[in-house]
Engineer: 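Mind having a look at this structure? Questions to follow.
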There are 2 protein chains.
Amino acid sequence: MSEQEQVNQFITRCRAHRLNVTPQRLAIYKAVIGDKSHPNPETIFSKIKKENPTISLATVYKTLETFERNSIISLVTNLHDTLRYDARTDLHHHMICNVCKKVIDVYDNDLNRLAIPKSVTGNHKLLSFGVHFDIICSDCSSKN
Amino acid sequence: MSEQEQVNQFITRCRAHRLNVTPQRLAIYKAVIGDKSHPNPETIFSKIKKENPTISLATVYKTLETFERNSIISLVTNLHDTLRYDARTDLHHHMICNVCKKVIDVYDNDLNRLAIPKSVTGNHKLLSFGVHFDIICSDCSSKN
DNA sequence: CTAGGTGCAAAGCATTTGCCTCACT
DNA sequence: AGTGAGGCAAATGCTTTGCACCTAG
């Protein structure tokens, strides 16, 4: 996709979510799609500051949060807010409630045996893996 | 496993890693294995404060970090330090380097089609899922 | 005895908030 | 015109650090 097409798609998506298209938002969006390293807000901020010297870090935070809430971009993990420990160190998996952030263990032998892609083992040393399921848990569902 | 057996196993593991067994460490360990909710340090601290009124939150942080480094307990995610955004919102997976915290996308149709356990869909609303591979990336491997 | 662990307080940072001003539609 | 967005600075809250004292081995 050309940059112009990406920009047009971005504008369409913003309109669909009733989000104003501003130069700051466009710069932030371009910076995210142009960075395959899964950057944090500070990194995005540094990249666009050159072209937008007056932009503020708080705007970057607010904008990324807005994009995420509207599914324009995504978070690598939604457990970034605090350290979460697990008594189990053996292979297992997790469900994470997107509302209350509850974590529930999943034990499943088929998941334990999933086929590891060559792109993983080909170049890197694999330590372990796990599947995470983003859910809305039964408690949170029934509350609404 | 009885509580006595768990305590014995804990002592064995500490010895194996040259970690002193202290009342604080034992209390923290018991609190973690007795809590299936994947608690954070603050929660652990609150639970053991009743029995150990002089314990400090900093000790809980240090101890959990020590346990994790020695594989006595584990972290639910090792991307808790900062928000990490992803330009892609379609189904894909991630490798995370445990050393440099780099995140690398993994696209794999077999992973996209993995069998979702009944324990997930039976009670909860599934929003999405993903596989994460904990790795030591080629860059970090070659540096050592 | 002594290396390692604890507790306290202060420091460090990532993130959020309040509020006023400004700009998009 | 009016609502939504941006910028700045202060506040918040989780986590780490430094250091003096203590304790397990």
Side-chain angles (χ1 to χ4, degrees), chain A residues 7 10-32 38-70 72-73 75-85 101, chain B residues 7-8 10-29 31 38-46 48-70 72-73 75-85 101:
Chain A
V7 168
F10 173 69
I11 293 171
T12 305
R13 288 206 205 175
C14 284
R15 296 259 160 80
H17 293 286
R18 322 270 132 110
L19 300 175
N20 287 349
V21 178
T22 66
Q24 290 90 337
R25 286 184 170 171
L26 189 52
I28 292 167
Y29 183 72
K30 280 194 203 169
V32 176
H38 305 73
N40 60 15
E42 182 73 42
T43 305
I44 297 291
F45 176 66
S46 310
K47 294 204 177 186
I48 58 188
K49 207 177 184 175
K50 296 157 199 161
E51 320 270 314
N52 304 59
T54 68
I55 202 167
S56 125
L57 182 55
T59 299
V60 175
Y61 271 94
K62 287 173 188 167
T63 302
L64 289 170
E65 202 274 332
T66 302
F67 287 171
E68 200 274 326
R69 193 158 22 79
N70 288 282
I72 293 173
I73 61 176
L75 272 168
V76 178
T77 173
N78 44 33
L79 291 175
H80 46 80
D81 43 327
T82 182
L83 288 162
R84 298 287 294 265
Y85 286 98
K101 301 294 165 71
Chain B
V7 169
N8 290 339
F10 174 69
I11 292 171
T12 306
R13 289 208 205 176
C14 284
R15 296 259 160 80
H17 294 286
R18 323 270 130 108
L19 300 176
N20 287 350
V21 178
T22 66
Q24 291 89 337
R25 285 183 170 173
L26 189 52
I28 292 166
Y29 182 73
H38 307 72
N40 61 15
E42 182 74 42
T43 305
I44 298 291
F45 176 66
S46 310
I48 58 188
K49 207 177 186 175
K50 297 157 199 163
E51 320 270 312
N52 304 60
T54 68
I55 202 168
S56 123
L57 182 56
T59 299
V60 176
Y61 271 94
K62 287 172 188 166
T63 302
L64 289 170
E65 202 274 335
T66 301
F67 287 170
E68 199 274 327
R69 193 158 22 79
N70 288 282
I72 293 173
I73 61 176
L75 273 167
V76 178
T77 173
N78 45 34
L79 290 176
H80 46 80
D81 43 328
T82 182
L83 289 161
R84 298 286 294 264
Y85 286 97
K101 302 294 165 70

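Since we're looking at a predicted model, the values are computed, not measured. Chain A is the first sequence line, chain B the second, and so forth, proteins listed ahead of strands; every chain is numbered from 1.
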Engineer: Note the angle between the end axes of the helix from C/dC1-D/dG25 to C/dT25-D/dA1, five pairs defining each, rounded to 10 degrees.
Structural biologist: 40°

Engineer: To the nearest Å, give me how far apart CZ (B/Arg18) and P (C/dG5) are.
Structural biologist: 13 Å

Engineer: Looking only at heavy atoms, which two atoms of A/Ala27 and A/Ile48 are closest? And how far apart?
Structural biologist: O-CG2, 3.6 Å

Engineer: Would you check if A/Glu68 and B/Leu83 make a side-chain contact, meaning some heavy-atom pair closer than 4.5 Å?
Structural biologist: no

Engineer: Given side chains that start at C-beta, do those of A/His17 and A/Thr66 come closer than 4.5 Å, heavy atoms only?
Structural biologist: no

Engineer: Quick one: what's the B/S/- string for nucleotides 15-25 of chain C, heavy-atom cutoff under 4.0 Å, read 5' to 3'?
Structural biologist: SBBB-----SS

Engineer: Verify, without hydrogens or angle tests, whether A/Thr77 (side chain) and A/His80 (backbone) share a donor-acceptor contact under 3.5 angstrom.
Structural biologist: no

Engineer: Calculate the interatomic distance between B/Ile28 atom CD1 and C/dG5 atom C1'; express it in whole Å.
Structural biologist: 11 Å

Engineer: How are the rings of A/Tyr29 and A/Phe10 set relative to one another: parallel (under 30°), tilted (30 to 60°) or perpendicular (over 60°)?
Structural biologist: parallel

Engineer: Would you classify A/Thr66 as touching base, sugar-phosphate or nothing, given that sugar-phosphate means primed atoms plus P, OP1 and OP2, and contacts are heavy atoms under 4.0 Å?
Structural biologist: nothing

Engineer: Rounded to whole angstrom units, what separation is found between the CG atom of B/Asn52 and the C1' atom of D/dT23?
Structural biologist: 15 Å

Engineer: If I take atom CZ in residue B/Phe67 and atom C1' in nucleotide C/dT6, what distance separates them, rounded to the nearest angstrom?
Structural biologist: 13 Å

Engineer: Could you report the tightest heavy-atom contact between A/Ile72 and A/Arg13, atom names first, then the distance?
Structural biologist: O-NH1, 3.3 Å

Engineer: What's the CZ-P distance between B/Arg25 and D/dC22, to the nearest Å?
Structural biologist: 19 Å

Engineer: So which atom in A/Arg25 and which in A/Asn20 form the shortest heavy-atom distance, rounded to 0.1 Å?
Structural biologist: NH1-O, 2.9 Å

Engineer: Is any side-chain nitrogen or oxygen of B/Gln24 closer than 4.0 Å to OP1 or OP2 of C/dG7?
Structural biologist: yes

Engineer: Name every donor-acceptor pair, under 3.5 Å, that has one atom in a side chain of residues 51-64 of chain B and the other anywhere in the protein, sequence neighbours excluded.
Structural biologist:
unit_1	atom_1	unit_2	atom_2	d
B/Ser56	OG	B/Ala58	N	3.1
B/Ser56	OG	B/Thr59	N	3.4
B/Thr63	OG1	B/Thr59	O	2.6

Engineer: Write down the distance between CZ (A/Arg84) and P (D/dC14), rounded to a whole number of angstrom.
Structural biologist: 13 Å

Engineer: Please give, in whole Å, the distance from C/dA14 P to B/Tyr85 OH?
Structural biologist: 15 Å

Engineer: With the side chain counted from C-beta on, respond yes when A/Tyr85 and B/Leu75 share a heavy-atom pair under 4.5 Å apart, and no when they do not.
Structural biologist: yes

Engineer: Send over the distance from B/Phe45 CZ to C/dG7 P, rounded to a whole Å.
Structural biologist: 9 Å

Engineer: Just to confirm, is there a sub-4.0 Å distance from OP1 or OP2 of D/dG7 to any side-chain nitrogen or oxygen of A/Thr59?
Structural biologist: yes

